[in-house]
Amino acid sequence: MSKLNKIKGFSDLFPPQSSVFVFMEEKARQVFKRYGCKEIRIPVLEKTELFARTIGDETDIVQKEMYTFLDRKGRSLTLRPEATAGVLRAYIESQLHSRERVSKLFTFGPMFRYERPQKGRTRQFHQINVEVLGTQAPQADAELLIMLWAYLESLGLSGSLVLEINSLGCPECRPGFHQKLVDFLQALDQDKLCDDCRRRSRVNPLRVLDCKVPTCKSLVQNAPRICDHLCPDCKKHFEAVLSVLEEAGLSYRLNPFLVRGLDYYQRTTFEIVSSAIGAQTAVAGGGRYDGLCKALGGPDVPGLGFACGMERLALLLTDIKEQRMDFYLAVLHEQALNKALLLAQRLRKAGYAGEVSFEVKSVKSQLRLANKLNVKTCLLLGVDEIERGEIVVKDMQTGVQQAVSQDDLEQALGLNLS
Ligand code: HAM
């Protein structure tokens, strides 16, 4: 029979790696709560049309990276390549806009993109995603970035990261810039552009600006810059965002070539980049998408948000250790098996974490196991201890052990752990 292996680009997460993911999620909950964000859960599967209309027909994601299939009734469904589309669909469908002026929503979960797997790039990956709906204020852009930075700081990461920021203008100023960019790209020697960029320069010229192929990168160095062509309102908005960031002491780097891979952005766009994780440098990205809610058939509500790539953050979080258990309860005799389970249960009720042995083994092999589990205390229970109503408490660090009354076990363990 052929082996049932996982799909290429998908991975299983075991400890200690899974603890890193739990750590990232717990920190996100703690930090985002302080800014009034609420957690939501939405489906991983949506109608294909949602993504085509949100992310853009001509983007790489929609053109070649989606996991799309027909269900049993012939309807086209897609495993979500990102969360913004689904959050907006849910926001509109639940009419949240009629109950809240500003909604701050966050969600975690798997996303799916059929990309070529490499370090920091997988086909199933996980995002921490935040969307803020209902405000056009530049202060909201700044607050979102301050919150994202506070989150990265809470992970102990901000020191190695850079915030890159740009403004992509709006439907007012973009067409003028677009034409200038098209003129510039057409004047280039097309043969020097990569295949993707030759196509992009016709259908989605902005994307040529952030191509990672070195020859394309150098060809666009002198391309017109959107930040030089912003309309007065977009210019004012961008300056206001930057000025709050400066007042808040959050450093940033202007990157006029930052255009992002999704078509819904307007005005502020940003990425958090790291030079320590290989070619895939962005650990987070986002921006403002003011026209999107209306374009999806909802009210004309402005919005902005970001997503962090958890696999990429995990590449930087190499020091996170798995949570240590408090005790291991070793059973030295058949007759102690049930009693041990009940004692362990008492300890867990008192808030301690630990494991109890389901089988009898020698003291030596039980202590070896306690060592492997990295517990601070090993408890040993045999028939002699049961007869005396006692249990042996062994400090795994010092090696000191003593018999204590089972009635005092919680207290004894507490003393040993403190
Ligand atoms: P994105 O830039 O496509 O934006 O993805 C955000 C982050 O997800 C990236 O910076 C990266 O860390 C991670 N990521 C993306 N693709 C992969 C992959 N194949 N493997 C591993 N990690 C990956 C969005 O998805 C937008 N929805 C963000 C947003 C929310 N904008 C507004 N609101």
Side-chain angles (χ1 to χ4, degrees), residues 8-11 13 21 24 32 37 40 42 46 50-51 54-56 59-62 64-67 79-91 103-133 140-141 144-145 147-148 151-152 155 157 161-166 168 207 210 212 258-274 276-293 302-317:
K8 182 176 174 189
F10 286 58
S11 40
L13 270 183
F21 277 65
M24 288 188 273
F32 298 167
C37 296
I40 60 163
I42 51 169
E46 299 273 1
L50 174 70
F51 300 113
T54 309
I55 301 168
T59 55
D60 285 354
I61 298 179
V62 172
K64 44 188 184 185
E65 294 171 2
M66 296 208 302
Y67 280 90
L79 279 170
R80 61 179 181 191
E82 58 112 49
T84 311
V87 174
L88 280 208
R89 197 259 321 125
Y91 174 80
S103 300
K104 296 179 172 179
L105 308 170
F106 72 96
T107 190
F108 310 117
M111 311 292 150
F112 306 86
R113 294 185 194 173
Y114 194 88
E115 295 189 85
R116 195 169 45 79
Q118 63 178 86
K119 185 177 174 192
R121 190 165 72 191
T122 50
R123 290 181 173 172
Q124 177 179 322
F125 59 98
H126 296 78
Q127 285 186 343
I128 296 175
N129 189 91
V130 179
E131 310 296 347
V132 176
L133 292 140
D141 306 37
L144 187 77
L145 284 163
M147 180 176 87
L148 171 55
Y151 172 58
L152 297 167
L155 300 178
L157 287 183
L161 301 172
V162 174
L163 162 62
E164 293 195 345
I165 191 165
N166 192 19
L168 290 182
R207 290 286 290 139
D210 106 320
K212 304 287 181 285
L258 178 66
V259 297
R260 314 271 302 122
L262 308 102
D263 280 353
Y264 49 63
Y265 293 110
Q266 287 187 18
R267 296 194 165 171
T268 318
T269 49
F270 54 84
E271 280 184 356
I272 305 283
V273 295
S274 159
I277 51 170
Q280 301 304 316
T281 56
V283 296
R288 189 167 265 287
Y289 46 77
D290 289 347
L292 185 58
C293 191
L304 65 159
F306 67 78
C308 297
M310 296 180 77
E311 280 74 5
R312 292 198 194 160
L313 287 177
L315 288 174
L316 296 166
L317 291 170

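Start at 1 and go down the list; that is how both ligands and their atoms are numbered.
Of all the heavy atoms of Val283, the ones lying under 4.0 Å from any atom of ligand 1 belong exclusively to the backbone. Contact annotation for Ala284 and ligand 1: only backbone heavy atoms (N, CA, C, O) come within less than 4.0 Å of the ligand. Contacts of Phe306 with ligand 1, taken as heavy-atom pairs under 4.0 Å, involve the backbone alone. Neither the backbone nor the side chain of Met111 has any atom closer than 4.0 Å to an atom of ligand 1 (non-hydrogen atoms only). Contacts between Tyr114 and ligand 1, counted as non-hydrogen atom pairs separated by less than 4.0 Å, are absent for every part of the residue. In Ile61, neither the side chain nor the backbone holds a heavy atom less than 4.0 Å from any atom of ligand 1. Residue contacts with ligand 1 for Leu304 are absent, since no atom lies close enough (heavy atoms, distance under 4.0 Å).
Side chains of Asp141 and Thr268: a donor-acceptor N/O pair is present below 3.5 angstrom, by distance only. Defined by atom type and a distance below 3.5 Å, a donor-acceptor pair is missing between the side-chain atoms of Tyr91 and Ser103. In this model, a donor atom of one side chain and an acceptor atom of the other lie less than 3.5 Å apart for Thr84 and Glu131.
Atom OH of Tyr114 sits in a sparse spot, with 12 or fewer heavy atoms from other residues, nucleotides or ligands closer than 6.0 Å.
Applying the 4.0 Å criterion to heavy atoms of Glu131 picks out, from ligand 1, the atoms 30 (C), 32 (C), 33 (N). Close approach to Glu82 involves these atoms of ligand 1, each under 4.0 Å from a residue heavy atom: 25 (O), 26 (C), 27 (N). Close approach of ligand 1 to Gly286 is summarised as follows: ligand atoms under 4.0 Å from at least one heavy atom of the residue are 31 (N). With ligand atoms numbered from 1 in the order given, ligand 1 contributes 10 (O), 28 (C), 29 (C) to contacts under 4.0 Å with heavy atoms of Gly285. Each of the atoms 3 (O), 4 (O), 24 (C) of ligand 1 lies under 4.0 Å from some heavy atom of Leu262. Using a 4.0 Å cut-off to heavy atoms of Ala307, the atoms of ligand 1 that qualify are 6 (C), 7 (C), 28 (C), 29 (C), 30 (C).
With respect to atom 29 (C) of ligand 1, the closest heavy atom belonging to the protein is Tyr265 OH, 3.4 Å. Nearest protein heavy-atom neighbour of atom 26 (C) of ligand 1: Tyr264 OH, 3.3 Å. Among protein heavy atoms, the minimum distance from atom 6 (C) of ligand 1 is reached at Gln127 NE2, 3.3 Å. Nearest protein heavy-atom contact of atom 1 (P) of ligand 1 is Arg260 NH2, 3.5 Å. When hydrogens are left out, the protein atom nearest atom 23 (C) of ligand 1 is Phe125 CD1, 3.4 Å; that is the closest non-hydrogen contact. For atom 20 (N) of ligand 1, the nearest protein heavy atom (residue, atom name, distance) is Thr122 N, 3.0 Å.
Ser274 places none of its side-chain heavy atoms less than 4.5 Å from the side chain of Thr281.
To the nearest 0.5 Å, atom CE of residue Met111 and atom OG1 of residue Thr122 are 11.5 Å apart. For the atom pair CE (Met147) and CG (Leu152), the distance works out to 10.5 Å, reported to the nearest 0.5 Å.
Distances shorter than 4.0 angstrom occur between a heavy atom of Glu115 and an atom of ligand 1. Put simply, no part of Glu271 is less than 4.0 Å from ligand 1, judged by heavy atoms. Contact analysis puts Gly120 in contact with ligand 1, with a non-hydrogen atom separation below 4.0 angstrom.
Between Glu46 and Arg89, at least one side-chain N (NZ, or NE/NH1/NH2) sits under 4.0 Å from a carboxylate O, which counts as a salt bridge.
Ring centroids of Phe106 and Phe32 are separated by less than 6.0 Å, placing the two rings close together. Aromatic pair Phe21/His126: ring centres closer than 6.0 Å.
Distances from atom 10 (O) of ligand 1 to the heavy atoms of Ala282, Gly309, Cys308, Gly287 put Ala282 nearest.
With hydrogens and angles disregarded, a donor-acceptor distance shorter than 3.5 Å links the side chain of Arg113 to the backbone of Pro81. Distance alone, capped at 3.5 Å, is enough to place a donor-acceptor pair between the Arg312 side chain and the Gly120 backbone. The backbone N or O of Val62 sits nowhere less than 3.5 Å from a side-chain atom of Lys64 that would complete a donor-acceptor pair. Formation of a donor-acceptor pair under 3.5 Å by the Arg260 side chain with backbone atoms of Glu271 is not found in this model.
An N or O contact shorter than 3.5 Å is missing between Asn129 and ligand 1 by distance. Every N/O-N/O distance between Glu311 and ligand 1 stays at or above 3.5 Å.
Contact record, Ala276 with Lys119: O-NZ, 4.5 Å, taken as the closest heavy-atom pair.
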